[in-house]
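Heavy-atom basis, side chains included; hydrogens, waters and symmetry copies ignored. Please read all numbers here as calculations on a predicted model, not as lab measurements. By convention in this document, chain letters (A, B, ...) are assigned in the order of the sequence lines, proteins followed by strands, and residues within each chain are numbered from 1.
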Number of protein chains: 2
Amino acid sequence: MVMNTQFKKGVLELCVLALLDRKDCYGYEMVDEISKNISISEGTIYPLLKRLKNEGFVISYLKESPDGPPRKYYRLTDLGKKKKDKLVDEWGEFSMGVNNLLYSKITNNLGDIKDE
Amino acid sequence: MVMNTQFKKGVLELCVLALLDRKDCYGYEMVDEISKNISISEGTIYPLLKRLKNEGFVISYLKESPDGPPRKYYRLTDLGKKKKDKLVDEWGEFSMGVNNLLYSKITNNLGDIKDE
DNA sequence: AATAGTACCTTGCAATATACGATACCTTGT
DNA sequence: ACAAGGTATCGTATATTGCAAGGTACTATT
């Protein structure tokens, strides 16, 4: 899926946290899951997961795979849940703000300037 | 307005183009207008306008101001209009994709794995 | 043994928002 | 005349982050 790279900045963090809020996932799985809606590559997710772990938003545990190397599953911490809720709120405000700019009547401040 | 910095990456370009599609604006004015919905600083908009001009999406012309230094107005070119339309579409797809991830039922691929 | 799919990870690059500062014009107050 | 503050522009340096490219390693299939 071709997609504006810049749009994703910061949003992928939200997507990962939102995904993990539903179920524990391993990295490779998240790429698949998220890719159904917005494109993401492995080179993005692994550094991101590492960062989220360093910041205490997730923990990880290993589990054997039936076909391949062991999978590293990630689970949201309480802190991660809070972070996710905060980001969801921020995303709502932000996307609403953008949509206002794109679609709403422009608020022009010229109401007090009369024709002459 | 406090706001996630990363969310804005790339979207401000869209906002500026959308604003200019309605009316010619000067930089300082755009900061005011956009700030009603999403926070933005002057240090952001001027480099952005310069880039948009270099890429041929806008042209600029000077106009005296009743109070202050002359204003540099920006106007969308045909190329800029196309770019704006494209970005609006991309934004629509993108934000829809994110909302799917945040709010929709998760599509789990475990339907063929039975309890045992 | 060779290939392909799964799964993990790192390095280096590119894009871009912002802080910070510089420049310059105008008005108002002292 | 001078200082202060609002209006308006522009440039530089920095931090964050997504991604391509590459590597490692395990399993199953050919």
Side-chain angles (χ1 to χ4, degrees), chain A residues 1-17 24-35 38-55 57-58 60-74 87 90 94 97-98 109, chain B residues 1-17 24-35 38-55 57-58 60-74 87 90 94 97-98 109:
Chain A
M1 196 195 297
V2 192
M3 182 165 276
N4 190 314
T5 297
Q6 296 304 318
F7 283 171
K8 297 180 212 167
K9 299 268 172 156
V11 179
L12 291 180
E13 177 177 352
L14 167 59
C15 293
V16 165
L17 293 176
D24 293 6
C25 289
Y26 54 99
Y28 204 77
E29 182 186 15
M30 288 189 233
V31 173
D32 271 357
E33 205 69 59
I34 295 180
S35 290
I38 56 181
S39 68
I40 186 177
S41 73
E42 295 175 42
T44 302
I45 204 132
Y46 290 112
L48 174 55
L49 287 170
K50 194 179 176 187
R51 204 190 81 223
L52 291 174
K53 192 175 174 185
N54 284 339
E55 294 174 326
F57 297 134
V58 301
S60 65
Y61 57 95
L62 285 175
K63 215 172 174 179
E64 285 173 22
S65 163
D67 43 23
R71 295 165 172 169
K72 189 183 273 184
Y73 279 83
Y74 292 86
L87 282 177
E90 287 182 357
F94 175 75
V98 173
N109 308 315
Chain B
M1 195 194 299
V2 193
M3 181 165 277
N4 189 312
T5 296
Q6 297 304 321
F7 284 172
K8 297 179 212 165
K9 302 261 173 157
V11 180
L12 290 179
E13 178 177 352
L14 167 59
C15 293
V16 165
L17 292 176
D24 292 6
C25 288
Y26 54 100
Y28 205 77
E29 183 185 15
M30 288 189 233
V31 174
D32 271 358
E33 204 71 56
I34 294 180
S35 290
I38 57 181
S39 68
I40 185 179
S41 73
E42 297 173 38
T44 302
I45 204 132
Y46 290 114
L48 173 55
L49 286 170
K50 194 181 175 186
R51 203 190 82 224
L52 291 175
K53 193 175 173 184
N54 284 340
E55 294 174 326
F57 297 134
V58 302
S60 65
Y61 56 94
L62 284 174
K63 213 171 173 181
E64 284 173 23
S65 163
D67 43 22
R71 295 164 173 170
K72 188 184 274 188
Y73 279 84
Y74 291 87
L87 283 176
E90 287 182 359
F94 174 75
V98 173
N109 308 316

Side-chain contact check for A:Tyr26: nearest option of C:dT16, C:dC8, D:dA8 is C:dC8
Atom CZ of B:Arg51 and atom P of D:dG11 are separated, to the nearest Å, by 15 Å
Inset, instruction - Answer with base, sugar-phosphate or nothing: what part of the nucleic acid does A:Leu48 contact at a heavy-atom distance below 4.0 Å? - result: nothing
note: B:Asp32, atom CG; D:dT9, atom P; distance rounded to Å ~ 11 Å
With sequence neighbours left out, the residues meeting side-chain contact (heavy atoms from CB on, under 4.5 Å) with A:Ser65 are A:Asp67, A:Arg71
Heavy-atom nearest nucleotide on DNA chain D taken for A:Gly10 and for B:Tyr73; more 5' hit belongs to B:Tyr73
*asked:* Please determine whether a side-chain nitrogen or oxygen atom of A:Lys50 lies at a distance below 4.0 Å from atom OP1 or OP2 of C:dT10.
replied: yes
A:Ile40 CD1 to D:dT17 C1', in whole Å, measures 11 Å
The residue, A:Gly43 or A:Gln6, whose nearest nucleotide of DNA chain C is more 5′ is A:Gly43
When every non-hydrogen atom of A:Val58 is compared with those of A:Leu49, the smallest separation belongs to CG2-O, 4.2 Å
Output yes when at least one side-chain N/O atom of B:Arg71 is less than 4.0 Å from OP1 or OP2 of D:dT7, else no. no
Measuring to OP1 and OP2 of C:dC9, would you say a side-chain N or O of A:Lys72 lies under 4.0 angstrom away? yes
#### Entry: Side chain proximity check, B:Tyr46 to B:Tyr28, heavy atoms < 4.5 angstrom
yes
Review point. Does the side chain of B:Ser60 reach to within under 4.5 Å of the side chain of B:Lys53, using non-hydrogen atoms?
Key: yes
To the nearest angstrom, the CZ-P distance between B:Phe7 and D:dT16 comes to 16 Å
Residues at least two apart in sequence or cross-chain that pass side-chain contact (heavy atoms from CB on, under 4.5 Å) with A:Lys50, listed by chain then number, are A:Asn54
The side-chain contact (heavy atoms from CB on, under 4.5 Å) partners of A:Asp32 (sequence neighbours excluded) come to none
Whole-Å distance, B:Tyr46 OH to D:dA8 P, equals 8 Å
Residues passing the ring pair (Phe, Tyr, Trp, His ring centres under 6.0 Å) test with B:Phe7, sequence neighbours excluded, are A:Trp91, A:Phe94
Separation of C:dA19 atom C1' from B:Ile45 atom CD1, nearest Å, is 16 Å
**Prompt:** Is the distance from OP1 or OP2 of C:dA15 to the nearest side-chain N or O of A:Thr5 less than 4.0 Å?
**Reply:** no
side-chain contact (heavy atoms from CB on, under 4.5 Å) filter on A:Gln6, not counting sequence neighbours, yields A:Asn4, A:Lys9, B:Lys9
Each nucleotide of nucleotides 23-30 of chain D classed B (base within 4.0 Å of a protein heavy atom), S (only sugar-phosphate) or -, in 5' to 3' order, makes --BBS---
Q) Hey, does the side chain of B:Tyr28 come within less than 4.0 Å of D:dT9's phosphate (OP1/OP2), counting only N and O? A) no
Taking D:dC19, C:dA17, D:dT9 as options, the one with an atom nearest any side-chain atom of A:Leu12 is D:dC19
Rounded to whole Å, the CG-P distance (A:Asn54 to D:dT16) equals 13 Å
Among D:dT12, D:dT17, D:dC19, the one nearest any side-chain atom of B:Pro47 is D:dT12
Between CG of A:Leu14 and C1' of D:dT17 the distance, given in whole Å, is 15 Å
